[in-house]
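Convention: sequence-line order gives letters A, B, ...; per-chain numbering from 1.
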Amino acid sequence: MAVERTDFIRDIIEEDLRTGRHDRVVTRFPPEPNGYLHIGHAKSICVNFGVALDYQGKTNLRYDDTNPTKEDVEYVESIERDVRWLGFEPAAVLFSADYFGQMYELAERLVREGKAYVCDLTDEQIREYRGTLSEPGRPSPFRDRSVEENLDLLRRMKAGEFPDGARVLRAKIDMASSNMKMRDPLLYRIRHAHHHRSGDAWVIYPMYDWAHPLEDAIEGITHSICTLEFENNRELYDWVLDNTGPWNPRPHQYEMARLVLDYTVMSKRKLLTLVKDGHVNGWDDPRMPTISGMRRRGYSAEAIRAFCDMIGIAKANSSVDIDKLEYCIREDLNKAAPRVLGVLRPIEVELTGWPGGTEQLDAPFFPPDVGKPGTRAVPFSGTILIDRDDWHDDPPKDYKRLAPGRTVRLRYGYCITADEVVERDAAGGVTKLRATVHLETKGGKNPDGGQKVSGVIHWVDAATSVPVEIRLYEQLFKVPKPEEGGQDFLENINPNSLEVVRGARVEASLAAAEVGARFQLERVGYFVVDPDTTPGALVLNRTITLRGEAVKAAVANAQLTVGVSVSAAGTVSGPATAAAPKNPKAQSRPKTKSPAEQRAEARARDSELAAAFTSLGTTLGEDSADLLAGDRETLGVFRTLASASSDDLAAKWIINELPRVLGDKPIGGIDTAEVGKLFAALQAGTVAPTAGKKALAAIVGGGKTFEAAQADVAAPAIDLGAAIDAVIAANPEKAAQYKAGKTGLLGFFVGQVMKASPNADAAAVNQAVRERLA
RNA sequence: UCGGGGAUCGUCUAAUGGCAGGACAGGAGCCUUUGGAGCUCCCUAUCAAGGUUCGAAUCCUUGUCCCCGAACCA
């Protein structure tokens, strides 16, 4: 059952399984069908299906289709296709809409139990009554309607008697809650709209916060994983389940950080804009971060899954380097994509010394290190095509391709030496060359004439190669963070994100390549056959470049353009993104009251606390006095324990050690008599601090008596020296490292000894280890 | 009457009081019929300041910075 990978979700699951809270794992992937799935969803899919797979559980695909005005069957179809393409099999494909009946029954139950009411306020009034982040809300005037009236109104809402927006059903929770989500949240709204699944059966539709926990509970979901922005919703999620159950299993919501990726945008709204406004050619444009776009781009499901594994699961907001995705794509393609030859912008090369006719060269599909079998015949004759990038009239140093008088090898073929330029275009670019072929160099041999072979270049046979349209893609955005600082992301669109190359040629074996087939055009990049391909008109998308010099140069250029510049006036100015103002929303947020302020306020209200603070301050210092005299419970506990030991000892232990063992429990709940005995022993020195911490945990956390706890932690009568020698003998190399100066290992040795003799006096162990290794 | 979260190499992420580890990116070298791949080595981090402890990324305090919440969206 144990799983190698560790993340906080799996930690929770292991704990739940261990404690018996759940005996199986059921998760769900709950997209709203209002757009196509993107790489961010892929992360969620991999997490939800991945953890279920790890623990032999199951995962439902559930459409969260509670808003008929935004959703569409086109999206429903694309979503299931994408999930399956990614390699996951849903245990069931379900729709929120199919639970509308059950949800409604539960809503009536809430009304009957006086926990929900029909509210006639307008949306504007509801907002007003809700209050603000720092002020409580006010009760709706309709909050105290009778159960009968609420039931009648709810039924008439359902029956379609009222127009859109006339009434809503709200939970009756707490208009003064500091969590805005709990201020009588809306459960149902009226929408006379056609639903893609339920048709016209309903005119009231449940809100997310009502629907989602119920869907989870109905399906028997155990772990409901969503993103960070729903943290505030969790309290309401729990409220709904607690007031509609009992549910078994009872689902719990956990939140993880959503994926943010460089050089792209992820919100469905922005993606929809890109599609609708024609910045890209549809949801499956290879530049889109959608799963369908990436598929068309040539990314494999394996690569995307590897990426999702690589980025991990955590709660910290983060932004992932695009390099990680590209690494996964290349790593997968390197092993999976057969190598073939193709030339983007051809230069014709007429070969001097070729005897005539066409030879079939035998070329492997994979290099030796990939270790996959397979070869194909590549035609070679007197006229070949090479890439413009592989010719330079005046080569820079380190240049490893063709130039006047230079010799290169044609991959899988012969070496040639460039003799003369035959033809140039208007811009001066070479279009035709003449070169001498060295017939003796077949099979990797060097030219007889002793010519130095500069490098290996790719080529195709002029007569038999096939024409192809090649689409070269770059990032859709010019900058890593197109949305940063409230910028209009559309202004950061990269105008060069698509370059169509016509006149390219690929080797004859590709003539019948199927749509979706992936190849490496050697030295050029990875490519996939695009669906736009028609018989005789091949279209190839560049999935990704090879890692190498060309890429590095492009990156260097990009960095140059966004780099810091010095203005004429001599002041240094960065790019717009660097100067971007802080989040204006965050700026408008009021400042939160700190615990220190709250304690100070408590003293202002309570003269006894204030007096205690003053008197304690003189002996313990202001900081300790502040913490101890912040509320009556803490102060009471301190006084009791201090009288059993001393002010100083009680203060240190209450401030530094108690919180850890207390967890969420209130300090007033501890057994001061037993803890008092412990503190007295600590004060007397009959219990060492290390043992004291364990004893404290046993008393406060485990409900033991002091005597029982003390017996548990009694120092063993062991030979410390022997124990230390044993650890050192077991780790001779670490001992050597320590002696060589890696003193950080002291902790390791002390830890090992403590593990072997749990109740030894750590201070003594520390001292003894130090001496023994000196 | 504000509340809820978060901060570890450039980036992502481990370490659950006991060796700050891995991956990506970057650098150097080896190898190579792809300037690919592979191999070797290197660089680089606990937000800050105090405290508790034999020992702190981890516990306590204060401060700083970031994210989320006031849709009849999800």
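Rounded to whole angstrom, the span from the CD1 atom of A/I311 across to the P atom of B/A23 amounts to 18 Å. Here B/C60 presents its C1' atom at 13 Å from CD1 of A/I667, a figure rounded to the nearest Å. Going from atom CZ of A/F380 over to atom C1' of B/U33 covers 14 Å, rounded to whole Å. A straight line from CZ of A/F365 to P of B/G36 spans 23 Å, rounded to a whole angstrom. When rounded to the nearest whole Å, the span between CG of A/D209 and P of B/C73 equals 12 Å. We find that OH of A/Y205 is positioned 18 Å from P of B/C72, with the value rounded to whole Å. Put simply, CD on A/E255 is 9 Å from P on B/G5, counting in whole angstrom units.
Regarding contacts with the backbone of B/A71, a side-chain N or O of A/R127 is found under 4.0 angstrom from either OP1 or OP2. Between A/S319 and the phosphate of B/C12, there is no side-chain N or O to OP1/OP2 separation shorter than 4.0 Å. Contact annotation: A/Q598 reaches the phosphate of B/G3 (side-chain N/O to OP1 or OP2, under 4.0 Å). Between A/R409 and B/U32 there is no side-chain N or O to OP1 or OP2 distance below 4.0 Å. Not one side-chain nitrogen or oxygen of A/S177 sits closer than 4.0 Å to the OP1 or OP2 atom of B/G3. Contact check, A/R269 against B/A71: no side-chain N or O comes under 4.0 Å of OP1 or OP2. OP1 or OP2 of B/A71 lies within a sub-4.0 Å distance of a side-chain N or O belonging to A/R130. Using a 4.0 Å cut-off, no side-chain N or O of A/R258 falls inside it from OP1 or OP2 of B/C68. For B/C73, the OP1/OP2 oxygens have a side-chain nitrogen or oxygen of A/R191 closer than 4.0 Å. A close approach under 4.0 Å does occur between a side-chain nitrogen or oxygen of A/R523 and OP1 or OP2 of B/G35. Residue A/T122 places no side-chain N or O under 4.0 Å from the OP1 or OP2 atom of B/C72. Contact check, A/R547 against B/A37: a side-chain N or O comes under 4.0 Å of OP1 or OP2. Residue A/Y412 places no side-chain N or O under 4.0 Å from the OP1 or OP2 atom of B/U33.
One distance of note links CZ of A/R518 with CD of A/Q520; it measures 14.0 Å at 0.5 Å rounding.
Remark: A/K734 qualifies as a cation-pi partner of A/F748 under the 6.0 Å distance and 45° angle criteria applied to the six-membered ring. Within the cation-pi definition used here (under 6.0 Å to the ring centroid, within 45° of the axis), A/R138 qualifies as a partner of A/Y129. The cationic atom of A/R167 (NZ for Lys, CZ for Arg) lies less than 6.0 Å from the six-membered ring centre of A/F162 and within 45° of the ring axis.
Residue A/I313 is classed as a sugar-phosphate contact, given heavy-atom separations below 4.0 Å to backbone atoms only. Residue-level contact check: A/G444 touches the bases, meaning some heavy atom is under 4.0 Å from a base atom.
Taking both residues in full, the closest heavy atoms of A/S224 and A/R28 are given as OG-NH1, 3.1 Å, listed atom of the first, atom of the second, then distance.
Rounded to whole Å, the P atom of B/U52 lies 23 Å from the corresponding atom of B/U46. When the C1' atom is compared between B/C43 and B/A28, the two are found 10 Å apart, to the nearest whole Å. Here the separation of B/A45 from B/A20, taken at their P atoms, is 13 Å to the nearest Å.
Distance from the side chain of A/R660 is smallest to B/C59 among B/C59, B/A37, B/G69. Listed nucleotides B/U16, B/C68, B/G35 differ in distance to A/D11; the shortest reach to its side chain belongs to B/U16.
Donor-acceptor pairing under 3.5 Å, judged by distance alone, is absent between the side chain of A/K693 and the base of B/U53.
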- Task: Test side chain to side chain donor-acceptor pair (under 3.5 Å) on A/T441 and A/N446 and set out the steps.
- Result: CA-CA 5 Å; A/T441 59; A/N446 288 325; over 6 Å; no

